[in-house]
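So the structure is just underneath, and the comments pick up after that.
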Amino acid sequence: MTIASITSSRPFRLVQPQGVLHCGSVSLEALARTFGTPLYVYSADQILDRLQLFQQAFTDRETLICYAVKANSALAILQFLARHGAGFDIVSGGELERVLTAAPEAASRVVFSGVGKTAAEIDQALGADILEFNVESETELELLADRARKLKRKARVALRVNPDVFAETHPYISTGLREHKFGIDIRRAFRLYKSMLGSRWLEPHGVSVHIGSQIRSADPFGAALERVNKLVRQLDRAGISLGSIDAGGGLGIDYHGGSFDAAAKVREYAQALQSALAGFEGRLLLEPGRFLVAQAGALVARVLYVKRNGSKTFVIADAAMNDLIRPALYQAHHEIVPVRPRSGKARAVDVVGPVCESGDFFARDRGLPPLRPGDLIALLDAGAYGMAQSSNYNTRPRPAEVLIHGRKTRLIRRRETMNDIFAPEILATET
Ligand code: LLP
């Protein structure tokens with residue numbers, strides 16, 4: 001596959017005559033010179049395009065796109081999305097703090113999901129008067145009622161139901177089956193909604209569902225939403241009318257090169273949801289994460305060494321599994337493109353990092369153009385669950401991050417220093 005076909009649906013492109021990979025109109029070579037490597041580079045333009053695909057896909061229905069903060073929680077990205085009308089799906093008090101810091105005006109557009117909300121997190125969210133709690137168990141509902149009464153704040157509730165729908169994806173990120181820890185069995189939800197009627201502090205507001213992540217087909221979304229819609233009709237007949245349905249996130253992208261028509265994907269997804277929601281006139285909430293930010297981002301790394309062991313060639317980069325864990329954790333595929341491709345025959349190599357584990361790899365037996373020490377490479381589709389899942393393993397400072405908007409480059413997170421890493425640690429003072 002040619003580099004041009006790999007990058008065709010991404011904001012990263014080889015720009016001639018030098019043949020250097022750019023993000024929009026900004027050279028990745030120049031960025032690496034200015035900010036060092038490893039470096040996360042994101043295209044604000046693509047993030048906005050993707051957000052607008054969702055915002056415009058549902059004609060005749062009020063929708064709110066609640067970006068899943070966990071996918072990439074950079075404050076600057078949250079601020080950017082909020083300015084363009086996004087709401088947020090959060091799963092911790094920490095993520096709520098991020099939204100309140102980046103875009104305090106967006107508090108009223110926050111939904112709070114997650115199976116293990118603490119009393120302190122619930123209080124924090126009640127205080128911020130968020131849009132909706134996506135409640136995942138009966139005991140959480142009891143705790144929420146208790147905290148709301150104490151704080152004298154009404155909680156808007158959506159039960160996150162588990163629709164028992166199979167979504168074909170990696171087992172670690174599939175969530176919609178009864179055997180998973182997520183949500184409330186949809187068969188018990190009716191009774192729980194009825195139980196809320198007696199409460200002064202709980203307002204039945206909506207229903208939510210999320211069946212998993214990196215789901216490529218629209219069918220399971222439609223199947224889940226049909227079940228949810230059935231529940232909503234049933235509640236309606238019982239006099240409980242819910243104003244919103246939250247369909248969760250999970251729409252997948254193509255991590256492999258080649259053409260990927262994001263607009264067509266969103267259209268197909270919207271159609272599946274719309275027909276499953278027939279008869280429901282309320283508001284639709286969506287929680288996309290990956291689809292908005294994954295392809296907008298690349299992790300740029302420098303080749304440190306090229307070495308041969310037996311029959312294998314290893315390209316050792318200065319980025320590692322602590323910076324981008326997806327290949328190690330889910331055997332995920334990320335396309336790798338040299339920033340200034342050399343001519344010559346492609347050869348199968350393993351691209352690895354410096355961390356002391358054999359699991360520290362980005363690609364195995366991947367055909368790549370010739371690479372030499374000092375060359376730059378870009379790991380594509382790293383905008384979602386890249387930096388967000390990074391760590392300091394092997395005492396490696398986390399990368400810097402830059403956001404490209406048109407011709408403008410903005411450093412949105414500086415590279416970590418040793419001081420940042422040591423700050424919370426405590427040495428003995430006595431000798
Ligand atoms: N809503 C809820 C309740 C979620 O749990 C998730 C993701 C989303 C929305 C967003 O899903 P998305 O649109 O991004 O697929 N670390 C894994 C993905 C974990 C997804 C967890 N939940 C990965 O790197 O593939």
Side-chain angles (χ1 to χ4, degrees), residues 47 50-51 53-54 64-73 77 81 86-92 95-96 110-117 131-137 140 158-163 167-177 180-184 206-218 220-221 224-225 228 245-255 262 265-266 269 273 284-297 299 321 323-334 362 379-391:
I47 294 173
R50 293 283 169 97
L51 173 66
L53 283 182
F54 277 92
L64 177 65
I65 311 306
C66 295
Y67 166 68
V69 172
K70 66 171 79 67
N72 186 323
S73 51
I77 290 181
L81 286 164
F88 298 97
D89 162 53
I90 59 162
V91 290
S92 70
E95 288 190 350
L96 177 57
V110 167
V111 300
F112 193 176
S113 310
V115 291
K117 302 177 190 79
L131 176 62
E132 176 179 287
F133 288 82
N134 289 343
V135 171
E136 303 226 14
S137 67
E140 182 191 329
L159 296 185
R160 172 169 172 185
V161 295
N162 185 320
E168 198 160 311
T169 185
H170 191 283
Y172 286 9
I173 54 178
S174 168
T175 56
L177 284 178
H180 296 134
K181 70 179 173 184
F182 298 95
I184 294 166
V207 55
S208 82
V209 69
H210 170 80
I211 54 173
S213 192
Q214 184 53 14
I215 299 167
R216 301 297 311 279
S217 151
F221 295 109
L225 264 274
V228 167
I245 292 182
D246 178 344
L251 187 60
I253 57 151
D254 193 348
Y255 280 94
K265 267 284 151 205
V266 174
Y269 172 73
L273 297 196
L284 175 64
L285 309 181
L286 298 170
E287 306 170 357
R290 186 191 317 266
F291 205 91
L292 300 193
V293 294
Q295 300 198 295
L299 175 60
M321 64 189 285
D323 304 305
L324 176 63
I325 203 172
R326 302 194 70 260
L329 193 55
Y330 318 108
Q331 293 75 48
H333 177 95
H334 285 261
F362 292 126
L379 295 132
L380 301 182
D381 306 330
Y385 307 108
M387 187 64 168
Q389 297 194 110
S390 65
S391 76

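Counting convention: from 1, in listed order, for ligands and their atoms alike.
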What is the nearest protein non-hydrogen atom to [atom], stated with its residue, atom name and distance?
atom	answer
atom 16 (N) of ligand 1	Y330 OH, 2.6 Å
atom 15 (O) of ligand 1	S213 OG, 2.4 Å
atom 4 (C) of ligand 1	K70 NZ, 3.1 Å
atom 8 (C) of ligand 1	H210 CE1, 3.4 Å
atom 19 (C) of ligand 1	I173 CG2, 3.5 Å

Show me which atoms of ligand 1 lie under 4.0 Å from any heavy atom of [X].
X	result
G289	12 (P), 13 (O), 14 (O)
A68	8 (C), 9 (C), 10 (C)
Q389	16 (N), 24 (O)
R290	12 (P), 13 (O), 14 (O), 18 (C), 23 (C), 25 (O)

Nearest heavy atoms of [X] and [Y], plus distance in Å:
X	Y	result
E287	S113	OE2-OG, 3.8 Å
V115	E136	CG1-OE1, 3.0 Å
A158	V207	CB-N, 3.7 Å
L284	A247	CD1-CB, 4.1 Å
D381	D254	OD2-O, 3.8 Å

I'd like to know if P288 contacts ligand 1, where contact means a heavy-atom distance under 4.0 Å to any ligand atom.
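Per 4.0 Å heavy-atom rule, P288 contacts ligand 1.
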Report the relative orientation of the aromatic rings in F88 and Y67; use parallel for angles under 30°, tilted for 30 to 60°, perpendicular for over 60°.
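Correct class here is perpendicular.
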Evaluation steps, ring pair (Phe, Tyr, Trp, His ring centres under 6.0 Å), between Y269 and F291
CA-CA 12 Å; Y269 172 73; F291 205 91; 8.1 Å; no
Between D89 and K70, does at least one N-O distance fall below 4.0 Å, as a salt bridge requires?
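Yes, D89 and K70 are salt-bridged.
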Heavy atoms only: which of A294, S113, G250, A71 is nearest to atom 11 (O) of ligand 1?
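Among A294, S113, G250, A71, the closest heavy atom to atom 11 (O) of ligand 1 belongs to G250.
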Out of E287, R160, R326, who is nearest to atom 9 (C) of ligand 1 when you count heavy atoms only?
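Shortest heavy-atom distance from atom 9 (C) of ligand 1: E287.
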Sub-4.5 Å side-chain heavy-atom contact between E140 and K117:
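Yes; the side chains approach each other to less than 4.5 Å.
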Structural part of D89 in contact with ligand 1, heavy atom criterion under 4.0 angstrom
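The answer is the side chain.
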